[in-house]
Amino acid sequence: RENSLTKNQTSDIDLDAFSSSGLPISYTLSPTGIAELINGKVRPIKPGKVVITASQIGNVDFDPAPNVIREFCVTPLKPVITIELINSIETNLSSNSEVGNFWYKNDVFQPNLTNQQIQAVESGTYKVKVVIDGCESPFSDVKDIVVTGLEYNKRIVVFPTIGSNE
């Protein structure tokens, strides 16, 4: 079963491994910088995948226990979309996440739209989720965009027609 922590979690997560020998258990996290160990608890730092290893090295009376390895996600926060109206046919949508943006239009993933800011030139519903190391945020709130203007060419070219007066 996959576990996840949220970056803005308000409390640390207790580690509850135990040893049948009663000997102390040590923990390591990798990679560093995603979460940290503080007094036997895990504190999320930033989104990403974390591997935690629990080990017990044994003593003169007990053999070492096999390491127990678990993987979990520090889940990215739900992204927020801001809208900037450029003109009647151009609207910029921005995610508050600088990386890992996966944009959807009308509930369909748009593989070419992965930047922090995109331009919405067609009417539709837009949303974004953030994916970092395979760890997915919830979707943002949906933004309905309606394009009301039409693009037109400001230059009109007129050519004379040669024909008969019939």
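The figures that follow rest on heavy atoms only: side chains count, while hydrogens, waters and symmetry mates do not.
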Exercise. When you look at Lys127 and Asp107, which way does the side chain to side chain contact (heavy atoms under 4.5 Å, CB included) test go after all the steps?
Worked result: CA-CA 8 Å; Lys127 63 184 177 180; Asp107 289 325; 2.8 Å; yes
Problem set entry | Close side-chain approach of Ile81 to Asp141, heavy-atom, < 4.5 Å | no
For this session: Could you check if a side-chain atom of Val50 sits within less than 4.5 angstrom of a side-chain atom of Val74, using non-hydrogen atoms only?
Result: yes
For this session: Would you indicate whether the side-chain heavy atoms of Leu93 and Ile83 approach each other to under 4.5 Å?
Result: yes
For this session: Could you list all the side chain to side chain donor-acceptor pair (under 3.5 Å) pairs where at least one residue sits in residues 111-121, not counting sequence neighbours?
Result: Glu90-Gln119, Ser94-Gln117
Problem set entry | Nearest non-hydrogen partners of Asp12 and Lys41, listed with the distance | CB-CB, 3.6 Å
Exercise. Are any side-chain N or O atoms of Asn67 and backbone N or O atoms of Thr53, one a donor and one an acceptor, separated by less than 3.5 Å?
Worked result: no
Exercise. Rounded to the nearest 0.5 Å, what separation is found between the CD atom of Glu36 and the CG atom of Leu29?
Worked result: 9.0 Å
Exercise. Of all heavy-atom pairs between Ile145 and Glu122, which one has the smallest distance, and what is that distance?
Worked result: CG2-O, 4.4 Å
Problem set entry | Euclidean distance, Lys105 NZ relative to Gln110 CD, rounded to 0.5 Å | 6.0 Å
Exercise. Should Leu37 and Leu15 count as side-chain neighbours, where that means a heavy-atom distance under 4.5 Å?
Worked result: yes
Exercise. About how many Å separate CZ of Phe102 and OG of Ser137, when rounded to the nearest 0.5 Å?
Worked result: 10.0 Å
Exercise. Any luck finding a side-chain donor-acceptor pair between Ser95 and Ser97 under 3.5 Å?
Worked result: no
For this session: Return the minimal non-hydrogen interatomic distance between Thr75 and Glu136, and the atom names on each side.
Result: CG2-O, 3.1 Å
For this session: Please name the pair of heavy atoms, one in Pro79 and one in Ser140, separated by the smallest distance, quoted to 0.1 Å.
Result: O-CB, 3.1 Å
Exercise. Does Ser26 have any side chain to side chain donor-acceptor pair (under 3.5 Å) partners at least two apart in sequence or in another chain, and if so, which?
Worked result: Ser55
Exercise. Side chain of Asn106, backbone of Thr125: donor and acceptor closer than 3.5 Å?
Worked result: yes
Seminar exercise, completed: Hits for ring pair (Phe, Tyr, Trp, His ring centres under 6.0 Å) against Tyr27, two or more places apart or cross-chain, chain-then-number order -> none
For this session: Give a yes or no on whether Asp14 atom CG has more than 12 heavy-atom contacts from other residues, nucleotides or ligands under 6.0 Å away.
Result: yes
For this session: State, to 0.1 Å, how close Tyr126 and Val121 come at their nearest heavy-atom pair, and which atoms those are.
Result: OH-N, 4.4 Å
Problem set entry | Mutual orientation of the aromatic rings belonging to Tyr104 and Phe139 [parallel < 30°, tilted 30-60°, perpendicular > 60°] | perpendicular
Problem set entry | Atom CD1 of Ile57 with >12 non-hydrogen neighbours under 6.0 angstrom | no
For this session: Treat each ILVMFWY residue as a node, draw an edge where side-chain heavy atoms are under 4.5 Å apart, and state whether Val42 and Val68 are in one component.
Result: no
Exercise. After noting the C-alpha distance and the side-chain angles of Ile132 and Val99, does the key distance pass the side chain to side chain contact (heavy atoms under 4.5 Å, CB included) rule?
Worked result: CA-CA 8 Å; Ile132 298 174; Val99 295; 4.1 Å; yes
For this session: Compare all side-chain heavy atoms of Asn96 with those of Thr82 and state whether any distance is below 4.5 angstrom.
Result: no
Problem set entry | Side-chain touch Ile34/Lys46, heavy atoms, less than 4.5 angstrom | yes
Exercise. Just how far is it from atom CD1 of Ile86 to atom OG1 of Thr91, taken to the nearest 0.5 Å?
Worked result: 7.5 Å
Exercise. Counting only N and O atoms by type, is there a donor-acceptor contact under 3.5 Å from the side chain of Gln56 to the main-chain atoms of Ala54?
Worked result: no
